[in-house]
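Excluded from the calculations below are hydrogen atoms, water molecules and symmetry mates; all remaining heavy atoms, backbone and side chain alike, are included. Throughout, protein chains are lettered first and strands after them, A, B, ... in sequence-line order, and every chain is numbered starting at 1.
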Amino acid sequence: MGARRRLPESFYLRDAATVARDLIGRWLRRDSVILEITEVEAYLPDDSACHGRFGRTARNAAMWGPGGRAYVYLCYGLHDMLNVVTGPEGEAAAVLIRSARPVAGLEEVQVRRGGKSGPVLLTGPGKVGAALALDPSWSHHALFERGGLELLSGEPAERWLHGPRVGIDYAAPVDRDALLRFAAVDTPWVSHRKTLRSG
DNA sequence: ACAAGGATCCTCT
DNA sequence: GAGGATCCTTGTT
């Protein structure tokens with residue numbers, strides 16, 4: 001297994017769906033905690049499910065910036081959700097990290113997740129945010145720079161599952177049905193498995 | 001200034 | 001399978 005290095009800024013300067021697929025199997029590292037990404041969703045410009053659909057606001061400003069930065073927002077008043085911003089400055093696009101598998105720092109993750117174990121520990125975007133102890137102040141943090149939260153290379157997945165995104169019933173039908181959710185094959189570390197198909 | 005609702009999670013049945 | 005937690009963001013008045 002080769003050494004994992006931080007992915008370069010150019011990795012993120014592509015469309016969100018492409019980056020989303022390419023994130024499966026990569027690693028997120030914060031200090032001693034390392035998580036392997038197993039499930040993601042892409043949110044695009046001109047997407048009625050995307051937070052950018054009302055234009056640039058204080059909350060979503062990071063989404064409008066250049067790719068490679070974090071966008072963390074508070075959901076339902078209590079869950080911190082981690083997104084990876086993609087594409088060029090001036091368009092709102094990002095990839096939501098929905099699930100992950102623990103690689104290192106399992107004990108720390110369990111402390112942050114109330115002592116849970118097994119897939120329930122990290123299958124869901126709010127759980128990933130909790131496991132990495134993130135909050136909205138992490139928005140704009142550069143994932144390709146050393147320190148804090150980093151995104152590391154590795155072997156990208158050759159195959160994946162895809163399906164509709166979760167929790168966006170308010171969106172237009174064409175966006176609700178779009179296959180913009182991607183997940184690793186053959187792993188229990190994925191949420192809402194029933195609506196996933198091989199891609 | 002206000003009301004509505006949300007890219008979820010946990011517990012209980 | 002259903003409902004409550006919990007509070008910020010957004011669009012509207």
Nearest whole Å is fine: how far is [N] [atom2] from [X] [atom1]?
X: A/Arg59; N: B/dG6; atom1: CZ; atom2: P; value: 12 Å
X: A/Phe182; N: B/dA7; atom1: CZ; atom2: C1'; value: 15 Å
X: A/Asp80; N: B/dG6; atom1: CG; atom2: P; value: 19 Å
X: A/Met81; N: C/dT9; atom1: CE; atom2: C1'; value: 14 Å
X: A/Arg56; N: C/dT9; atom1: CZ; atom2: C1'; value: 17 Å
X: A/Tyr73; N: C/dC7; atom1: OH; atom2: C1'; value: 14 Å
X: A/Leu44; N: B/dA7; atom1: CG; atom2: C1'; value: 13 Å
X: A/Tyr76; N: B/dC10; atom1: OH; atom2: C1'; value: 14 Å

For DNA chain C, the expected dot-bracket line (Watson-Crick or G-U under 3.5 Å, [ ] crossing, | inter-strand) is |||||.||||||.
For A/Asp177, look at atom CG and say whether over 12 heavy atoms of other residues, nucleotides or ligands are found less than 6.0 Å away.
-> yes
Heavy-atom neighbours of A/Glu158 CD exceed 12 at 6.0 Å |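 No, not enclosed.
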Where the side chain of [X] is concerned, which of [options] is the nearest nucleotide?
X: A/His79; options: C/dT9, B/dA7, B/dC9; value: B/dC9
X: A/Lys127; options: C/dT10, B/dC10, B/dA7; value: B/dC10
X: A/Cys75; options: C/dC8, C/dT10, B/dA7; value: B/dA7
X: A/Lys116; options: C/dT6, B/dT8, B/dC10; value: B/dC10

Just N and O in the side chain of [X]: are any of them under 4.0 Å from OP1 or OP2 of [N]?
X: A/Thr57; N: C/dT10; value: yes
X: A/Tyr170; N: B/dA7; value: yes
X: A/Arg113; N: B/dC10; value: yes
X: A/Arg181; N: B/dA7; value: no

Modelled atom types, side-chain donor and acceptor of A/His51 and A/Tyr71, under 3.5 Å = yes
Does A/Tyr43 lie flat on the base of B/dA7, that is, centres under 5.5 Å apart and planes under 30° off?
-> yes
Need one value for [X]: base, sugar-phosphate or nothing, where a base atom within 4.0 Å counts as base even if backbone is also close, heavy atoms only.
X: A/Arg165; value: nothing
X: A/Ile168; value: sugar-phosphate
X: A/Leu78; value: base

Residue pair A/Asn83 / A/Ile97, side-chain heavy-atom distance below 4.5 Å |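 Not touching, per the 4.5 Å side-chain cut-off.
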Would you say A/Glu36 and A/Arg26 make side-chain contact, with heavy atoms under 4.5 Å?
->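 Not in contact.
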Does A/Arg21 make a cation-pi contact with A/Phe182 (under 6.0 Å, within 45 degrees of the axis)?
-> yes
Could A/Arg101 and A/Trp189 be counted as a cation-pi pair, given that NZ or CZ must be under 6.0 Å from the ring centre and within 45° of the axis?
-> no
Less than 3.5 Å between a donor and an acceptor, one on the side chain of A/His51 and one on the base of B/dA7, is that the case here?
->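 Such a pair exists between side chain and base.
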Between the side chain of A/Arg165 and the main-chain N/O of A/Asp175, is any donor-acceptor distance below 3.5 Å?
->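 At least one qualifying donor-acceptor pair exists.
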